[in-house]
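Residue indices begin at 1 and follow the sequence shown.
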Amino acid sequence: LVSGGGADAGAAQAVCDEAEPEAVADAPPCPAKGCLPCPPHSAGRPYCRCLEGYAQPGQTTTATTTATTSTATSTTTTTFTAIASTTSTTRTTVTSTRTTATTTSTTATTTQTTATSTATVTTTTATVSTTSTSVSSTTTTSWVYGGACRFNLNTPPLEWDDTMGWTGQCEPEVCGPAPQPAHATAVLGEEALQELVYPEPALFLCDVGYHVEFWEPPFPDQPTPPDRHMYVRSSGTRCTNDEVDNIGVNSTAGEAECEALCDANATCAAFELTCDGRCILLATCAEQAPSDCGTQLLTKRTLPTSTLVEMSCVAGGRVVNTTGSRCMPICGDGQLVPVDHLPLTSRLEQCDDGNSVNGDGCSADCQVEAGFVCTGGHAGGPDACTVAEVHAEGSAWLVLSGARAAADEELRLAAEIALSRTLGCPLRDLEVWQVLSLAADDPDASRFHRVRQEVSVHFRVKISDYNALSIGEVEGALLAQSFLPKLSVAFTDHTTLRDLYVEVVEVAPPEVVGDRWNFWTHGVSLSDTIWELSFYVGPVLLYLAVLLFVAPVARWFLIIRKRKNRLTGRLDDVSEEFIGQWAVNICGWIDAKLTCCSLLCCLPARLADTWDSMGLMPYWTGVRKAWCCCLCYLSGFGFCGACLPGSQRSEIRDFFGFGDKVKGNIELSDYCCYLCCPICCVIQEAQHVDRAMKVLPPPFQKEADFAFGTLGRDGDQEAGEVTAEAAPKEVAAPRGMIMDNDA
């Protein structure tokens, strides 16, 4: 509920009824048409028509257009009727006349009539004479005024039935949703703005740090504009502490009168309509309870005019602004609206140091002054402005051609916008300190290139946020070859020079003034640096943890700890297909896609698994040595990292019988293989050893039983007693196994 909406509509209806006393006095007897008063929101008895802002269902309020064809002089007469009351002043106007030929003369008479005691009817005649040899069209809109009453005579009247009376009705026109201003909150909630109808308003309050557009604080000798008030309805509730906060009880006729009493009382914060029709004014209402008789509590809410954006649904189904339509930053309040929500080229609140003094870096209109940078401002605190410690100075030369010559001020503003967009720096960090132009007319050129203008722009780029833009990035952008076409496009697409041909012919190399390395001490903090580096170093550390720790532990738990056999000493049991040559060639990794992909996360574990299967070294010893090899490769010392796996490759070849049979050396071919393609070597060795282990038969159990004395001959010996005849005299060492006497 907004104060004034429904009350104004009711007052208009009452005035319209009072404006036709003669029509009421001369009303015919029923059932003749017009014997009954007009329905709500209509007037003009006995031909009742909808008031302005209302229409019959399915009817639109449009003007009547007539067209006539004439070859001589035609005269069109338009008649306006005014119904004046004792309290109103009525003006009649002549509507516009459009013709397609030459108008010879136009005579219009406007009559202003003021009623003194009773209502009178005045007729004004307007004569429009036109001479035309084509079609002349005249648009006529006839309005009737009666105080607050206003309706269109061209709209059809309401229908009348001799039995039922007035059968038509007038409904408010629908305006649709109200546009939501940026940086503002709806007072009545978003759902209340989905569909506005006449004469409902839409109210918005600007956010903290903003005020409504065009609002200016009053001068000291002027009174402060009063704030608006709105009453929020809490349907079905009532106050339970009336005895404490009751500041007045009145007998009223309705809600409007009670609202007026609350407005007149400075201490009134809410009012309540009781079951017996009383109006209770309340200072506060700290406690509410459900109502059992339909009473309602209406709480007053103050809306400051400085932050209130008001829109209204007016006649014709349009939403219009009755205040400014935007919320603008408040300059000088010490609350900087965040700059990053504004466009780079915005000239709104660039800084706010909490004062309106010039010369301290932030001017009285909240613009960064020349030679200064402002930082630290936010919605809860002011800016701190200091002299810029480093900046880049540059110059650009342009050639413009077109039908006009651009002024120096226009060129300066256009250069600021174009440079800001091309360099990616905010407008507050950019200064165009000099613009020189020379224009010349070329009468022989076409009208599109009649004026040629040469312009030189001298600018300065400051750095206020070293994390967002560094002086090195600015210098690199100005030296890039792509800067010229980008700047030309920015001039054409984003400035007022879009009607001219703009070509940037040259940009001078920038000159850096000041300490370009001061950002290490001023612009970068240790915490920010660590946080930024974590995004780059973190994934690398995570990958190394998986590669060097997680994958080896997982492989040991799933495979290595369950392994009981090794190839060492079992050459006689190895299949002949693995003796004398590799089971797969060096390019076999192409077919082993799964193994190749797994090496991304478990390369050290895979190397150690191969060496453990051969019995060359224990698994965890192999993991540590494989780690060292991987670190050598990652550090760029691959010639060192290839030594250890190359020597183990030579041992594997010696075991399977196609090496040089010299233990402990490294062959040149094996070293070169690991130096050129270590992944190929790892996969070739893994496939050869895994296949050999897969077809390896279980170890000979009988020899093991003899060694532990668990088997006798003919069943004569007991467990643990081995006779000379039962024990083998000599056990030949298998191929590939070296016997140790101590063993």
Would a distance-only check, ignoring hydrogens and angles, find a side-chain to backbone donor-acceptor pair under 3.5 Å from [X] to [Y]?
{"X": "Asp352", "Y": "Gly334", "answer": "yes"}
{"X": "Ser312", "Y": "Val320", "answer": "no"}
{"X": "Thr621", "Y": "Met617", "answer": "no"}
{"X": "Ser647", "Y": "Leu644", "answer": "yes"}
{"X": "Ser456", "Y": "Trp397", "answer": "no"}
{"X": "Ser437", "Y": "Val455", "answer": "no"}
{"X": "Tyr619", "Y": "Pro552", "answer": "yes"}
{"X": "Ser635", "Y": "Phe637", "answer": "no"}
{"X": "Glu369", "Y": "Val373", "answer": "no"}
{"X": "Ser598", "Y": "Thr595", "answer": "yes"}

Looking at every heavy atom in both [X] and [Y], which two are closest together, and how far apart are they?
{"X": "His183", "Y": "Cys327", "result": "O-SG, 3.7 Å"}
{"X": "Arg498", "Y": "Asp493", "result": "NH2-O, 3.5 Å"}
{"X": "Leu469", "Y": "Gly424", "result": "CD2-O, 4.5 Å"}
{"X": "Glu431", "Y": "Gly371", "result": "OE2-N, 2.6 Å"}
{"X": "Trp611", "Y": "Gly622", "result": "CZ3-O, 3.7 Å"}
{"X": "Pro181", "Y": "Ser325", "result": "CB-O, 3.8 Å"}

Working to the nearest 0.5 Å, report the span between [atom1] of [X] and [atom2] of [Y].
{"X": "Glu685", "Y": "Leu607", "atom1": "CD", "atom2": "CG", "value": "7.0 Å"}
{"X": "His391", "Y": "Ser464", "atom1": "NE2", "atom2": "OG", "value": "14.5 Å"}
{"X": "Phe459", "Y": "Leu423", "atom1": "CZ", "atom2": "CG", "value": "6.5 Å"}
{"X": "Cys681", "Y": "Asp670", "atom1": "SG", "atom2": "CG", "value": "7.5 Å"}
{"X": "Leu205", "Y": "Leu308", "atom1": "CG", "atom2": "CG", "value": "6.0 Å"}
{"X": "Thr492", "Y": "Tyr501", "atom1": "OG1", "atom2": "OH", "value": "10.5 Å"}

Decide if atom CZ of Phe448 counts as having more than 12 heavy atoms of other residues, nucleotides or ligands within a radius under 6.0 Å.
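Check fails, neighbour count at 12 or below.
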
Taking atom CZ of Phe639 as the centre, report whether more than 12 heavy atoms of other residues, nucleotides or ligands fall under 6.0 Å from it.
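Counting neighbours around CZ of Phe639, more than 12 heavy atoms of other residues, nucleotides or ligands fall under 6.0 Å, so yes.
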
Determine whether [X] and [Y] make a side-chain contact, defined as any pair of heavy atoms from C-beta on separated by less than 4.5 Å.
{"X": "Arg452", "Y": "Val399", "value": "yes"}
{"X": "Pro426", "Y": "Asp429", "value": "yes"}
{"X": "Leu548", "Y": "Pro604", "value": "yes"}
{"X": "Leu411", "Y": "Gln453", "value": "yes"}
{"X": "Arg301", "Y": "Tyr231", "value": "no"}
{"X": "Val474", "Y": "Pro510", "value": "no"}
{"X": "Val553", "Y": "Val550", "value": "no"}
{"X": "Val451", "Y": "Asp442", "value": "no"}

All disulfide (SG to SG under 2.5 Å) counterparts of Cys677, not counting sequence neighbours:
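Cys677 satisfies disulfide (SG to SG under 2.5 Å) with Cys680 only.
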
NZ/NE/NH1/NH2 to OD/OE distance under 4.0 Å, Arg404 and Asp499
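Between Asp499 and Arg404 there is a salt bridge, with a charged N closer than 4.0 Å to a carboxylate O.
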
Give every residue pair that meets the disulfide bond (SG atoms under 2.5 Å apart) criterion with at least one member in residues 443-477, sequence neighbours excluded.
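Every pair satisfying disulfide bond (SG atoms under 2.5 Å apart) with a residue in residues 443-477: there are none.
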
Under the criterion disulfide bond (SG atoms under 2.5 Å apart), I'd like the reasoning laid out for Cys374 against Cys351: C-alpha separation, chi angles, the key distance, then a yes or no.
CA-CA 7 Å; Cys374 298; Cys351 60; 4.3 Å; no

Under 3.5 Å side-chain donor-acceptor pair for Arg649 and Gln684
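Gln684 and Arg649 do have a side-chain donor-acceptor pair below 3.5 Å.
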
Between Glu410 and Thr496, is there a side-chain donor-acceptor contact under 3.5 Å, judged purely by atom types and distance?
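Yes, because at least one side-chain N or O of Thr496 sits under 3.5 Å from a partner of the opposite role on Glu410.
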
How far apart are the C-alpha atoms of Asn358 and Ser363, what are their side-chain angles, what is the distance that settles it, and do they pass the side chain to side chain donor-acceptor pair (under 3.5 Å) test?
CA-CA 5 Å; Asn358 292 321; Ser363 64; 4.6 Å; no

For the pair Cys313/Cys175, is the SG to SG distance below 2.5 Å?
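Cys175 pairs with Cys313 as a disulfide (SG atoms under 2.5 Å apart), so yes.
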
For a side-chain contact (heavy atoms from CB on, under 4.5 Å) check, start with the C-alpha distance between Asp383 and Cys362, then their side-chain angles and the critical distance, and finish with the verdict.
CA-CA 8 Å; Asp383 270 299; Cys362 186; 5.8 Å; no

Just jot down the side-chain hydrogen bond (donor to acceptor under 3.5 Å, both in side chains) partners of Ser669, sequence neighbours excluded, or say none.
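With sequence neighbours excluded, Ser669 shows a side-chain hydrogen bond (donor to acceptor under 3.5 Å, both in side chains) to Arg653, given in chain and number order.
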
I'd like to check the side-chain hydrogen bond (donor to acceptor under 3.5 Å, both in side chains) partners of Gln434; sequence neighbours left out, ordered by chain and number.
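Expected list: none.
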
side-chain contact (heavy atoms from CB on, under 4.5 Å) for Phe204 and Met311? Distances and angles first, verdict last.
CA-CA 9 Å; Phe204 303 89; Met311 305 177 187; 4.2 Å; yes

Side chain to side chain donor-acceptor pair (under 3.5 Å), that's the test. Do His458 and Ser395 meet it? Break it down for me.
CA-CA 4 Å; His458 305 276; Ser395 301; 2.8 Å; yes

Determine which pairs satisfy side chain to side chain donor-acceptor pair (under 3.5 Å) with at least one residue from residues 477-488, sequence neighbours left out, and list them in order.
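Non-adjacent pairs meeting side chain to side chain donor-acceptor pair (under 3.5 Å): zero.
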
Worked verdict on Val387 versus Phe372 for side-chain contact (heavy atoms from CB on, under 4.5 Å):
CA-CA 4 Å; Val387 177; Phe372 287 85; 3.9 Å; yes

Determine, step by step, whether Leu398 and Val502 satisfy the side-chain contact (heavy atoms from CB on, under 4.5 Å) criterion, reporting the C-alpha distance in whole Å, the side-chain angles of both residues, the deciding distance to 0.1 Å, and the verdict.
CA-CA 7 Å; Leu398 296 75; Val502 181; 3.8 Å; yes

Which pairs pass salt bridge (charged side-chain N to carboxylate O under 4.0 Å, His left out) with one or both residues in residues 594-606, sequence neighbours excluded?
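Residue pairs with at least one partner in residues 594-606: Arg606-Asp609, Arg606-Asp690.
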
